[in-house]
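Working notes, beginning with the structure itself.
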Amino acid sequence: MSKGSVVLAYSGGLDTSCILVWLKEQGYDVIAFLANIGQHEDFDAAREKAEKLGAKKVFIEDLRSEFVQEFIWPAPQANAVYEDRYLLGTSIARPCIARRQVQIARREGAQYVSHGATGKGNDQIRFELTCYALYPHVIAPWRIPEFYSRFRGRKDLMEYAETHGIPVPVTPRAPWSMDANLMHISYESGILENPKNHAPSDLYQMTKNPEDSPNEPDVLEIDFAKGVPVKVTHVKEGKSRDTALEIFCYLNEIGGKHGVGRIDIVENRFIGMKSRGTNLNLFYSHAFIRFFIQSNLQCLQGFWYSPECEFVRHCIDKSQESVEGRVQLSVFKGQVYILGRESPKSLYNEELVSMDVQGDYDPCDASGFIRINAVRSVKRV
């Protein structure tokens, strides 16, 4: 007898392909769900593969526009950068994927949702905190003793795949764990697990080596409203993009062309481990004038649908109401340089700060200001 239906967050990779077959072995009817969030994927081949592996149904849905507008754009509004470097590409994608996964489960009357995240990483938390907020019936194979005792690593999975005729895009020589979306592409596992080892140059698929990038910069103007881009224009070519998805993809294109966004990090996982990975981060964060930092930990740790994160996002939306204007920048050899900025709501007063014009400021006022701030220091002497 069937144990019920389960909607599996399916990527077509090693882990989720094996999990699909394993869930069927356990007596579940599996519905495979693959989200298009900008990864380079042969979606027709992925559908065919899932069907051959025995998926009852296969859903492949284009979430790119909502991913940009509802999940990526709030990140620059809050300047959500984890540990000053990581731009949360995977962290922000997970609640987007899991939300649609839950919607499919409800629509199909499935009793469970499932994912391929391991028991050591952050993704299990991100997926499940979203699911528990929206649909709290989760099967996590990598935390089921029967599963992780049988599959102690990727080698065991590859042997299982070979035995069951599961084609997988990895080999023992290059067992990369890769996560790609519009926002970034990241790699873990294999040679990267030793933080001393150099990342192979062929990992970097989204960006050129800065040494091989063009010898002339691209100059862009980005128009903002409420803290997010609403238009990007190539100054020399005069061409513009004005939808969220087009803007984001174009910025990625220019950033990748000039080698912008490469990082190699050892980060702190939520559960207390450190992990090493290489990331090709999205272009936009380098171009923005930063306002303040909030909610990066909430995104990293999977609390996107928590009451506190919803509260913070409402506060961020309020804080961005007056953030509008235009930034002109140069993209060149792995770097982004701000050339100028303007805003109709700017608090900048050229006359007030000028060294050549007195304006309506009385320098004598600074004496009292300095004395007040010096009270603690004077009393300490």
Side-chain angles (χ1 to χ4, degrees), residues 37-38 63-96 181-186 206-207 220-233 240-256 258 260-263 265 279-301 303-304 309-331 335-343 345-346:
I37 50 175
L63 306 184
R64 291 175 298 167
S65 291
E66 63 187 73
F67 182 39
V68 174
Q69 294 182 73
E70 299 179 40
F71 296 87
I72 293 179
W73 278 168
Q77 285 182 310
N79 192 28
V81 181
Y82 181 60
E83 295 185 343
D84 297 323
R85 299 195 68 199
Y86 176 43
L87 300 177
L88 302 171
T90 297
S91 310
I92 291 173
R94 296 312 185 225
C96 177
N181 58 49
L182 280 175
M183 200 170 180
H184 84 171
I185 185 170
S186 63
M206 289 177 69
T207 63
L220 307 176
E221 286 185 346
I222 305 178
D223 292 276
F224 291 86
K226 296 184 178 179
V228 300
V230 293
K231 182 179 180 182
V232 59
T233 304
S240 299
R241 278 80 172 170
D242 55 13
T243 70
L245 184 57
E246 288 176 337
I247 290 170
F248 195 81
C249 290
Y250 184 61
L251 293 178
N252 271 342
E253 176 188 333
I254 297 298
H258 289 276
V260 171
R262 294 186 174 196
I263 64 170
I265 59 172
N279 293 269
L280 308 178
N281 284 318
L282 75 171
F283 170 59
Y284 73 80
S285 72
H286 297 269
F288 285 9
I289 300 173
R290 297 181 175 183
F291 306 103
F292 58 90
I293 299 175
Q294 284 192 59
S295 76
N296 54 354
L297 273 177
Q298 291 174 345
C299 293
L300 180 88
Q301 296 172 352
F303 289 101
W304 187 271
C309 195
E310 290 182 3
F311 171 76
V312 168
R313 288 205 304 276
H314 283 301
C315 293
I316 291 169
D317 287 342
K318 185 66 178 178
S319 76
Q320 300 296 291
E321 287 181 352
S322 298
V323 180
E324 69 176 78
R326 176 176 297 164
V327 178
Q328 188 174 99
L329 48 91
S330 170
V331 191
Q335 298 294 326
V336 177
Y337 305 94
I338 293 179
L339 303 178
R341 75 284 284 163
E342 59 181 318
S343 171
K345 298 182 178 180
S346 172

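Note that the structure is predicted; figures quoted are calculated from it, not measured.
Using a 4.5 Å heavy-atom cutoff, the side chains of Ile338 and Val327 are in contact. Under the 4.5 Å side-chain criterion, counting only non-hydrogen atoms from C-beta, Leu182 is not in contact with Ile37.
At distances below 3.5 Å, at least one donor-acceptor pair connects side-chain atoms of Asn181 with backbone N or O atoms of Gly89. Proximity of a side-chain donor or acceptor of Arg262 to a complementary backbone N or O of Thr207 within less than 3.5 Å is detected. When atom types are taken as modelled, the side chain of Ser330 and the backbone of Tyr337 share no donor-acceptor pair closer than 3.5 angstrom.
Listed by first and then second residue, the salt bridge (charged side-chain N to carboxylate O under 4.0 Å, His left out) pairs that reach into residues 87-96 are Arg94-Asp123, Arg94-Asp179, sequence neighbours excluded.
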- Task: Under the side-chain contact (heavy atoms from CB on, under 4.5 Å) rule, what do Val331 and Leu251 come out as? Steps first, then yes or no, please.
- Result: CA-CA 10 Å; Val331 191; Leu251 293 178; over 6 Å; no
- Using the side-chain contact (heavy atoms from CB on, under 4.5 Å) rule, take Phe67 and Ile92 through it: C-alpha gap first, then chi angles, then the decisive distance, then the call. CA-CA 9 Å; Phe67 182 39; Ile92 291 173; 4.0 Å; yes
- Item | Stepwise side-chain contact (heavy atoms from CB on, under 4.5 Å) test for Thr233 and Leu220 | CA-CA 6 Å; Thr233 304; Leu220 307 176; over 6 Å; no
- Step by step, work out the side-chain contact (heavy atoms from CB on, under 4.5 Å) result for Ile254 and Tyr250. CA-CA 6 Å; Ile254 297 298; Tyr250 184 61; 3.8 Å; yes
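Rounding to the nearest 0.5 angstrom, the gap separating the CD atom in Gln328 from the CG atom in Leu339 is 5.5 Å. Note: Glu246 CD to Ser240 OG = 10.5 Å, rounded to the nearest 0.5 Å. Residue Gln69 holds its CD atom at 8.0 Å from OG1 of Thr243, rounded to the nearest 0.5 Å. Here Arg341 contributes atom CZ and Ile222 contributes atom CD1; the two are 12.5 Å apart, rounded to the nearest 0.5 Å. Atom CZ in Phe248 sits 6.0 Å away from atom CE in Met183 (nearest 0.5 Å). In this structure, CZ on Arg64 lies 6.5 Å from SG on Cys249, to the nearest 0.5 angstrom.
What you find for Trp73 and Ala244 is that their closest heavy atoms are NE1-CB, 3.6 Å. A pairwise comparison of heavy atoms in Pro229 and Phe224 identifies N-CD2, 3.7 Å as the closest pair.
For Arg326 and Asp223, the salt-bridge test passes: some basic side-chain N is under 4.0 Å from an acidic carboxylate O. In this structure, Glu324 pairs ionically with Lys345, as a charged nitrogen and a carboxylate oxygen lie closer than 4.0 Å.
Side-chain N/O atoms of Gln320 and Gln77 include no donor and acceptor closer than 3.5 Å.
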